[in-house]
Amino acid sequence: MPSPRTITIVALSFALGLFFVFMGTIKLTPRLSKDAYSEMKRAYKSYAKALPGLKKIGVTSVLLRKIIGSLEVSCGVVLTLVPGRPKDVANFMLLLVMLAVLFFHQLVGDPLKRYAHALVFGILLTCRLLIARQGDERPEREESREEQQPQHQQHVNDQEKNKVKQS
């Protein structure tokens, strides 16, 4: 039977992956929702206007939207379907995308209700990454405890010998 930690990571990975595939697809095509796609186009135009440096390096609002949408779809697929270490890489990349999206929303002065989803999913991505990394560090901690145990036991034995000698 899988551990609760494993079930949590799998459930978070699957749910987050599907969410980002969905959101990335909305940024890339109007097939799922014409209204949401139009809103994304409008939003990314305001982000590009707020960052004139993007235009100087050749990044238009369309390119920015397609880059972020493509990253969300590809990382979402990895989170949903690919086992192992690539999930952590995809998780980290999506976390960076969420930070960028939060930055964009703040830059244009959007109210909290417009970017609350990015905040919530950023927190969920952080939790998933921390839970996944916690399991990787556990064996090292146990090994270091085992190495320290004999030293500690030796110190306790030395103290007990000293007590006997003093009596």
Side-chain angles (χ1 to χ4, degrees), residues 2-141:
S3 70
R5 181 185 155 276
T6 303
I7 293 169
T8 303
I9 289 174
V10 168
L12 269 174
S13 297
F14 190 76
L16 287 167
L18 289 179
F19 171 78
F20 282 106
V21 167
F22 176 73
M23 291 305 293
T25 303
I26 286 176
K27 288 176 180 74
L28 296 173
T29 181
R31 288 184 186 166
L32 294 180
S33 170
K34 290 180 182 180
D35 293 337
Y37 178 74
S38 297
E39 177 59 28
M40 290 293 177
K41 284 173 64 174
R42 186 207 57 77
Y44 276 86
K45 283 180 184 175
S46 67
Y47 304 153
K49 284 179 187 174
L51 283 170
L54 289 176
K55 195 169 189 175
K56 289 179 184 176
I57 60 172
V59 178
T60 64
S61 64
V62 174
L63 183 59
L64 181 64
R65 181 173 42 83
K66 287 184 177 185
I67 288 170
I68 291 178
S70 298
L71 273 170
E72 287 180 351
V73 169
S74 59
C75 291
V77 167
V78 170
L79 270 179
T80 305
L81 301 175
V82 178
R85 207 40 101 178
K87 282 186 187 227
D88 291 344
V89 173
N91 191 142
F92 184 73
M93 289 176 66
L94 285 170
L95 192 54
L96 291 177
V97 168
M98 288 297 95
L99 289 173
V101 168
L102 288 170
F103 172 74
F104 291 147
H105 282 289
Q106 284 295 308
L107 191 65
V108 297
D110 283 341
L112 177 62
K113 68 180 181 179
R114 296 253 319 144
Y115 62 89
H117 70 282
L119 192 58
V120 169
F121 282 94
I123 291 168
L124 287 172
L125 285 166
T126 302
C127 291
R128 191 221 161 268
L129 192 60
L130 289 173
I131 293 168
R133 299 300 301 162
Q134 179 185 13
D136 293 344
E137 294 172 6
R138 184 170 285 155
E140 293 172 10
R141 287 184 191 161

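Since the structure is predicted, the reported quantities are computational estimates derived from the model, not experimental observations.
Remark: I9 CD1 to L16 CG distance equals 12.0 Å, nearest 0.5 Å. The structure places CZ of F103 at 5.0 Å from CG of L51, a figure rounded to the nearest 0.5 Å. Note that CZ of F14 is 9.5 Å distant from NZ of K87, once rounded to the nearest 0.5 Å. To the nearest 0.5 Å, the span separating OG1 on T126 from CZ on R128 amounts to 11.5 Å. The distance from the OG atom of S13 to the CG atom of L18 is 10.5 Å, given to the nearest 0.5 Å. With rounding to the nearest 0.5 angstrom, the CZ atom of R5 is 7.0 Å from the CD atom of Q134.
In summary, the aromatic rings of F22 and F19 are positioned with their centroids too far apart to meet the 6.0 Å limit.
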Practice task
Determine, step by step, whether L79 and L94 satisfy the side chain to side chain contact (heavy atoms under 4.5 Å, CB included) criterion, reporting the C-alpha distance in whole Å, the side-chain angles of both residues, the deciding distance to 0.1 Å, and the verdict.
Solution key: CA-CA 10 Å; L79 270 179; L94 285 170; 3.6 Å; yes
Kindly indicate, with the supporting measurements, whether the criterion side chain to side chain contact (heavy atoms under 4.5 Å, CB included) is fulfilled by D88 and L129.
-> CA-CA 6 Å; D88 291 344; L129 192 60; 4.1 Å; yes
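Between V108 and S46, the shortest heavy-atom contact is CG1-O, 3.6 Å. Closest heavy-atom contact between I26 and A36: CG2-CB, 3.6 Å. Of all heavy-atom pairs spanning C75 and M93, the tightest one is SG-CB, 3.9 Å. The two residues A118 and L102 come nearest to each other via the heavy atoms CB-CD2, 3.9 Å. Heavy atoms only, all atoms of each residue included: V78 and A90 are closest at CG1-CB, 3.7 Å. Between A43 and R114 the shortest heavy-atom distance is CB-NH2, 4.1 Å.
Formation of a donor-acceptor pair under 3.5 Å by the T8 side chain with backbone atoms of P4 is found in this model. No donor-acceptor pair closer than 3.5 Å links the side chain of S70 to the backbone N or O of I67.
Within 6.0 Å of CZ in R31 there are 12 or fewer heavy atoms belonging to other residues, nucleotides or ligands.
Annotation: side chain of L119 is not in contact with side chain of M98 (no heavy-atom distance under 4.5 Å).
Note on ring orientation: taking the six-membered ring where Trp is involved, the planes of F121 and F20 are perpendicular (angle over 60°, cut-offs 30° and 60°). Between H105 and Y47, the angle of the ring planes goes over 60°, which puts this pair in the perpendicular group of the 30/60° scheme.
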